[in-house]
Protein chains: 2
Amino acid sequence: MHDFDLRNFLPYLLNQAAEETSIRFSRIYKDRYGMLRTEWRVLFHLGRYGDMTASEIGRLSKMHKTKISRAVKALENKNFVTRRESSGDRRLGILTLLPQGRSAFDDLVEVAEKHNSDLMAGFSTGERTVLIDCLQRLAAFEDLPD
Amino acid sequence: MHDFDLRNFLPYLLNQAAEETSIRFSRIYKDRYGMLRTEWRVLFHLGRYGDMTASEIGRLSKMHKTKISRAVKALENKNFVTRRESSGDRRLGILTLLPQGRSAFDDLVEVAEKHNSDLMAGFSTGERTVLIDCLQRLAAFEDLPD
DNA sequence: TCTTGTTGGTTACAAAAGCAACCAGTACTA
DNA sequence: TAGTACTGGTTGCTTTTGTAACCAACAAGA
């Protein structure tokens with residue numbers, strides 16, 4: 001019996017919090033649109049930032065390129081997204097939201113905003129600021145030198 | 001282009017932070033002991049709380065029972081853990097750390113404590129308190145009524 | 001004590017993630 | 001303009017996870 005407390009260990013605690021807060025939202029994009037987490041992430045990037053290539057999404061989201069590749073394929077099958085070749089660099093596939101994808105995005109953004117404010121509801125303004133700020137710094141932690 | 005910002009969306013942000021903060025530590029338990037995340041979680045519960053059954057670990061960690069079952073099997077194969085049948089209820093398997101598991105635990109606790117303080121290093125005392133408190137509340141969110 | 005329901009735990013099968021190899025296309029540079 | 005090295009992206013194979021079905025063992029009531 002050791003006094004190390006898992007409940008103060010950030011990687012563990014963050015993981016628990018991430019899982020708990022994701023469940024309800026994931027049920028919605030899964031039930032309504034048959035999407036996976038990787039798929040809504042791609043969708044959200046395109047909806048939020050406009051046309052992008054897979055590797056740009058990768059840089060922002062830090063998802064591995066195979067995940068993105070498969071998510072894009074699934075979104076194409078759903079007619080949510082289309083891909084056209086870049087005129088300059090022919091390796092690049094520029095991804096664009098199609099009307100159906102746009103409307104799923106609009107729908108899910110509303111859900112996400114509601115869900116987010118539910119999650120934040122218990123916190124004071126000051127707590128929210130600190131929480132978001134700390135999380136953003138932690139999310140960038142691995143980019144720091146060892 | 002919508003103004004919804006993924007970077008303020010808690011489920012996303014928490015996930016990013018969780019992944020980033022887990023990488024270094026996971027490399028260590030993987031490299032040194034060939035363990036998976038599920039395995040170190042079980043190990044840490046036993047090391048921290050003493051003998052437990054699989055379902056007690058499940059209640060605390062919220063891991064699904066199949067994950068625990070497989071993690072326990074892997075830990076038994078490594079001679080980190082042993083299981084004996086409860087004298088009372090013969091369904092229950094009481095899990096105990098073996099010397100090798102104990103020493104891996106001791107080693108990893110040190111690593112985890114160091115890693116945790118590295119992660120916290122950038123935060124003020126006030127920030128730490130708020131962060132941990134908010135995360136613990138978020139981790140319990142799904143237990144709340146809808 | 002039968003019978004119905006529950007709980008602890010495992011297993012088998014399907015879905016998803018991780019990893020490495022690969023195929024273009026580009027970029028450098030000799 | 002050939003050679004080498006890199007980048008964007010896909011595919012195939014392996015490892016992990018999720019899900020549901022299942023097998024004991026227990027519990028509670030008729």
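Order of the sequence lines fixes the chain letters, A, B, ..., with proteins taken first and strands second; residue numbering starts at 1 for each chain.
- Hydrophobic clustering (ILVMFWY, side-chain heavy atoms < 4.5 Å, transitive): F4(B) and F25(A) are in one cluster.
- Nearest-nucleotide positions on DNA chain C place T38(A) closer to the 5' end than the other of G88(A) and T38(A).
- Between R37(A) and H64(B), the residue anchored closer to the 5' end of DNA chain C is H64(B), taking for each the nucleotide with the nearest heavy atom.
- Taking atom CD1 of residue I57(B) and atom P of nucleotide dG9(C), one finds them 9 Å apart after rounding to whole Å.
- Looking at heavy-atom distances under 4.0 Å, L36(A) makes contact with sugar-phosphate atoms alone, never a base.
- Look at R91(A) and you won't find any side-chain N or O under 4.0 angstrom from OP1 or OP2 of dT26(C).
- Under the 30°/60° scheme for interplanar angles, the aromatic rings of W40(A) and F44(A) are found to stand perpendicular.
- At whole-Å resolution of the value, CG in D89(B) and P in dG8(C) are 8 Å apart.
- The CZ atom of R90(A) sits 15 Å away from the C1' atom of dT7(D) (whole-angstrom rounding).
- Residue-level contact check: K65(B) touches the bases, meaning some heavy atom is under 4.0 Å from a base atom.
- Looking at heavy-atom distances under 4.0 Å, T66(B) makes contact with a base.
- G93(A) comes within contact range of the sugar-phosphate backbone alone, with a heavy-atom separation under 4.0 Å but no base atom that close.
- At a cut-off of 3.5 angstrom, counting only N and O atoms as typed in the model, there is a donor on one side and an acceptor on the other between the side-chain of R70(B) and the base of dG18(D).
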